[in-house]
Number of protein chains: 2
Amino acid sequence: MKLQQLRYIWEVKKHDLNVSATAAHLYTSQPGISKQIRLLEDELGVEIFARSGKHLTRVTSAGEVILERAGEILRQVASIKQIADEYSNDASGRLSIATTYTQVRYVLPKILSTIRERYPDVSLHIRQGTTEEIGELATAGEVDFAITPEVVDRFPELIMMPCYEWNRCVVVRPDHPLASTKRLAFEDLERYPLVTYDAGFRERLPVDSDDETPPDLNIAMSAVDTDVIKTYVRLGFGVGVIATMAYDPGNDDDLVALDASHLFTPSTTCIGCRKGTFLRKFMLEFVELFAPHLTAAVVRQAFATSQARERDELFRDVLLPHR
Amino acid sequence: MKLQQLRYIWEVKKHDLNVSATAAHLYTSQPGISKQIRLLEDELGVEIFARSGKHLTRVTSAGEVILERAGEILRQVASIKQIADEYSNDASGRLSIATTYTQVRYVLPKILSTIRERYPDVSLHIRQGTTEEIGELATAGEVDFAITPEVVDRFPELIMMPCYEWNRCVVVRPDHPLASTKRLAFEDLERYPLVTYDAGFRERLPVDSDDETPPDLNIAMSAVDTDVIKTYVRLGFGVGVIATMAYDPGNDDDLVALDASHLFTPSTTCIGCRKGTFLRKFMLEFVELFAPHLTAAVVRQAFATSQARERDELFRDVLLPHR
DNA sequence: CCCCATTACGTAGCACGTAACAATG
DNA sequence: CATTGTTACGTGCTACGTAATGGGG
């Protein structure tokens, strides 16, 4: 068994069992991959991929389990390289983050600038996606960190750590009837068409209602991207509901922002990464810059705690003094 | 990075940094190992072993972390082979167990005979040791199963499952004053020298005393091996305290056995194996033979539950109908 | 008929073994 | 001086690339 063989089966699966495409992506020949897979299967005495004639049609049941382990091995190999890099040159490396548009656009710039200053030799890689995609990227080990604008617990391989709570605000054109409202009421929002984040992208608007009446909101338009929302608010499509941190007093003063923190339950932004990830110095610094209570010590402790419940307790204790 | 290189550094560490000895054990040349280790270190840009002159003196700090990951990789590789074996020929393979003398001698024979009948092509491997050694063997992945005569929670990598409770009995020669005792009292034991299991081997005798007075027992002799204890009881060294299951009515009728279950708190025998172990069909059958409530479904669920507390609850529920 | 995996074959690289060397205690 | 790791060197294996072959949809 060779590491390359494991890499090959892993990549072939990732490329939907297309060996040619895999070969192209790995800059190698396709017969080479074919051969190595066959050799591995011969050595193990089990087919990993089922073939119909000359096509790989599906992963066998044995293959499923083997691929899982292979993935784990490849991640460990990657982490060994990280470890080596850390000890040979702790100032260079790679930091990859998957998150949402709002984070990239409004929160990360300042933090990543600081990282760039401190670590000019660390290359930064950002990927955007839905909460679901972010979680999957981190689970697959394709990015180091997942930053989600909500608490997610459906990725058991990830250790998610709460960073900060955020609220929503309402943005309207200055000529909109709501523009002069002092304190926004929920009924105000029901009267006008809304423009806000995609349901499912972020969770549906979490309404803060004591009575259990379902909110009768009219979502006229939704987008994944705060700037798109603002644009359509500017065009008069309706009332925008966005994250408070996405209102930029400098650039957005052609819009009126109204606090809506009393209308919606606050959300919690979380940062997380895969269990077993080797955390490099600059990664720990990044996390601490992003959420000052998540010091290296706290993060290490969270990683040492295998039980989600205990981690929750840890974070509760750590967050308290920061509120 | 090659799998062999990882294997080499792992083995060299295991052989106390002696490359020559490692080479001998792996039936390869020692320059080959030296070279591969150097190559790996060059590739990673970090020394894994610190050298003074021509001797490997210690593992570097980077090496510590790397070796940990390397071990994990090697275990995953082994488990891939297990998986392949399971799918290609689920009736042949290897079953290795680390446990104490009493288990090997009095409990396992019947169970292993059944396994041998059902799976004549499965080779069986038993290793004996103290509770500590058993746990370490299983943690290192050198045996599939650890069977301990007590509950141990100091091996976080192991998933330990309770099997059955057992009590102690007292054995004496027929001419001993206690031989005709109807119901043994604790004071009876205090009057005579005792021969029992090594303290530390099994935990010290767990005394069932309502009053908190420390027991005033006179351990005249201790051994790891029940047969040794019996032998010395036969020679008149004193009163033997052994596990009930270790009294064999057929062979031991030259000794008188007295129930002592009311004098000592019962112990719980546990079986466990390393997290992430791929459990073969015959392994699951073995576990179920050993502890009928630990069916394949229960074991799988235990493995799927990462949190020790939740596992405890699971076992509590599963054990109830069996008591 | 195109796409794709397998087979065939040649080559370059490398892992491994033997032998000589160096350093340590 | 014995033990142990490193360097030097030769060889056989094998991974990989190119080219040709064969099956499926």
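Naming convention: chains lettered A, B, ... in sequence-line order (proteins, then strands); numbering from 1 in each chain.
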Inset, instruction - Rounded to the nearest angstrom, tell me the gap between atom CD1 in B:Ile9 and atom P in D:dG5. - result: 16 Å
Inset, instruction - Starting at atom NE2 of B:His55, determine the distance to atom C1' of D:dG5, rounded to an integer number of angstrom. - result: 7 Å
Inset, instruction - For B:Arg7 and C:dA15, give me the distance from atom CZ to atom P, rounded to whole Å. - result: 14 Å
Inset, instruction - Classify the side-chain pair A:Tyr87/B:Glu47 by whether it contains a donor and acceptor separated by less than 3.5 Å. - result: no
Legend entry - Phosphate OP1/OP2 of C:dA5: any A:Ser52 side-chain N/O under 4.0 Å: no
Inset, instruction - Using the ring pair (Phe, Tyr, Trp, His ring centres under 6.0 Å) rule, collect all pairs that involve residues 57-76 of chain B, keeping only residues at least two apart or in two chains. - result: none
Inset, instruction - Could you say whether A:Tyr27 or B:Asn18 is positioned toward the 5' end of DNA chain D, judged by the nucleotide with the nearest heavy atom to each? - result: B:Asn18
Inset, instruction - Using whole Å, report how far CG of B:Asp42 lies from C1' of C:dC14. - result: 15 Å
Legend entry - Gap between atoms CE and C1', on B:Met1 and C:dC14 respectively (whole Å): 18 Å
Legend entry - Set of side chain to side chain donor-acceptor pair (under 3.5 Å) partners for A:Lys281, sequence neighbours left out: A:Asp90
Legend entry - Nucleotide D:dG17, atom C1' - distance to CG of A:Leu26 in whole Å: 15 Å
Legend entry - Nucleotide C:dA5, atom P - distance to CZ of A:Arg58 in whole Å: 17 Å
Inset, instruction - Check every atom of D:dG24, D:dC16, C:dG17 against the side chain of A:Ser29 and return the nucleotide holding the closest atom. - result: D:dC16
Legend entry - Pair A:Tyr197, A:Thr100: side-chain N/O donor-acceptor within cut-off below 3.5 Å: no
Inset, instruction - Kindly say if B:Arg51 contacts the phosphate of C:dT24, meaning a side-chain N or O under 4.0 Å from OP1 or OP2. - result: no
Legend entry - Pairing residues for B:Ala140 by the side chain to side chain contact (heavy atoms under 4.5 Å, CB included) criterion, not counting sequence neighbours: B:Glu142
Inset, instruction - Using the ring pair (Phe, Tyr, Trp, His ring centres under 6.0 Å) rule, collect all pairs that involve residues 5-30 of chain A, keeping only residues at least two apart or in two chains. - result: A:His15-A:His25
Inset, instruction - Scan A:Ser20 against the nucleic acid and name what it touches under 4.0 Å (heavy atoms): base, sugar-phosphate only, or nothing. - result: sugar-phosphate
Inset, instruction - Classify the nucleic acid contact of B:Leu17 as base, sugar-phosphate or nothing, counting any heavy atom under 4.0 Å across all strands shown. - result: sugar-phosphate
Inset, instruction - Rounded off to whole Å, could you give me the CD1-to-P distance for the B:Ile37 and C:dC16 pair? - result: 12 Å
Legend entry - Counterpart residues, side chain to side chain contact (heavy atoms under 4.5 Å, CB included), relative to B:His125 (two or more places apart): B:Arg94, B:Ser96, B:Ser123
List every contact pair, protein side and nucleotides 7-15 of chain D side both N or O, where the distance is under 3.5 Å.
| unit_1 | atom_1 | unit_2 | atom_2 | d |
| --- | --- | --- | --- | --- |
| D:dA15 | OP1 | A:Lys2 | NZ | 2.9 |

